[in-house]
Amino acid sequence: CPAGSSNLSPIFPNPLREYIGGDLEQVVWQRLGVGAYQFVIPTNDTSATARLLRIPAGRTIPKHSHRGQEMTLVLAGSFSDATGHYGRGDLQEADENLEHQPSAAPEEDCICLAVTDAPLRFQNLATRVVQPFLGI
């Protein structure tokens, strides 16, 4: 779209916009301190956590594994890890057998919808110490 155009296509699909109350510009990001940002999506489901993640362009998040299942849908941008490259519309499934270090492509921030049923398992001690406060 030309500069100054207000005819921008939404990033989020309609059901997600209804949960958030709008599109990307309405998201109030919480800094994770690990090179990324999150927005926890309020739901009534206590068995899983849904969150938006934003990894700034060219940044890598700390290496981690999983204590349960994680489903990650790329909404904008892209990321790569040991399992491959994921762009808009791609879905990555992870479980306790995957240890990875996702890295956003240098062209633009990577925005993902991630749903987890258990906290992540970080290798870095400093990240593990702050993890309970960040809810990841």
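Quick caveat, the model's predicted, so the values are computed rather than measured.
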*Asks:* What distance separates D90 CG from H85 NE2, expressed to the nearest 0.5 Å?
*Replies:* 7.5 Å

*Asks:* Could you list the residues that satisfy side-chain hydrogen bond (donor to acceptor under 3.5 Å, both in side chains) with T43, not counting sequence neighbours?
*Replies:* none

*Asks:* Just verifying a value: how many Å separate I55 CD1 and L32 CG, rounded to the nearest 0.5 Å?
*Replies:* 10.0 Å

*Asks:* If you draw a 6.0 Å radius around CD in E25, do more than 12 non-hydrogen atoms from other residues or ligands fall strictly inside?
*Replies:* yes

*Asks:* Work out which heavy atom in I11 is nearest to a heavy atom in L75; give both atom names and the distance.
*Replies:* CG2-O, 3.8 Å

*Asks:* NZ/K63 to CD/E99 distance, rounded to the nearest 0.5 angstrom?
*Replies:* 5.0 Å

*Asks:* Considering all heavy atoms of both residues, which atom of D81 and which atom of H100 are nearest to each other, and what is their separation?
*Replies:* OD2-ND1, 2.6 Å

*Asks:* Starting at CD of Q69, measure out to OG1 of T116 and round the result to the nearest 0.5 Å.
*Replies:*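 Separation between the atoms: 10.5 Å.
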
*Asks:* Using every non-hydrogen atom in the two residues, find where G89 and L73 come nearest and quote the distance to one decimal.
*Replies:*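 Nearest pair, atom of G89 first, then L73: O-CD1, 3.7 Å.
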
*Asks:* Which heavy-atom pair separates R54 from D109 by the least distance, and what is that distance?
*Replies:*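 Looking at all heavy atoms of both residues, the closest pair is NH1-OD2, 3.3 Å.
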
*Asks:* Considering all heavy atoms of both residues, which atom of G87 and which atom of V74 are nearest to each other, and what is their separation?
*Replies:*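 Of all heavy-atom pairs spanning G87 and V74, the closest is O-CB, 3.3 Å.
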
*Asks:* CD/Q30 to CZ/F39 distance, rounded to the nearest 0.5 angstrom?
*Replies:* 10.5 Å

*Asks:* How far apart are the closest heavy atoms of R88 and A76, and which atoms are they?
*Replies:* CG-N, 4.5 Å

*Asks:* Regarding R17 and the six-membered ring of F12, is the cationic atom NZ or CZ under 6.0 Å from the ring centre and inside 45° of its axis?
*Replies:* no

*Asks:* For the pair T83 and Q92, evaluate side chain to side chain donor-acceptor pair (under 3.5 Å) and give the outcome as yes or no after the intermediate values.
*Replies:* CA-CA 9 Å; T83 67; Q92 181 187 53; 3.0 Å; yes

*Asks:* How are the rings of F79 and Y86 set to each other: parallel, tilted or perpendicular (split at 30° and 60°)?
*Replies:*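 Parallel.
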
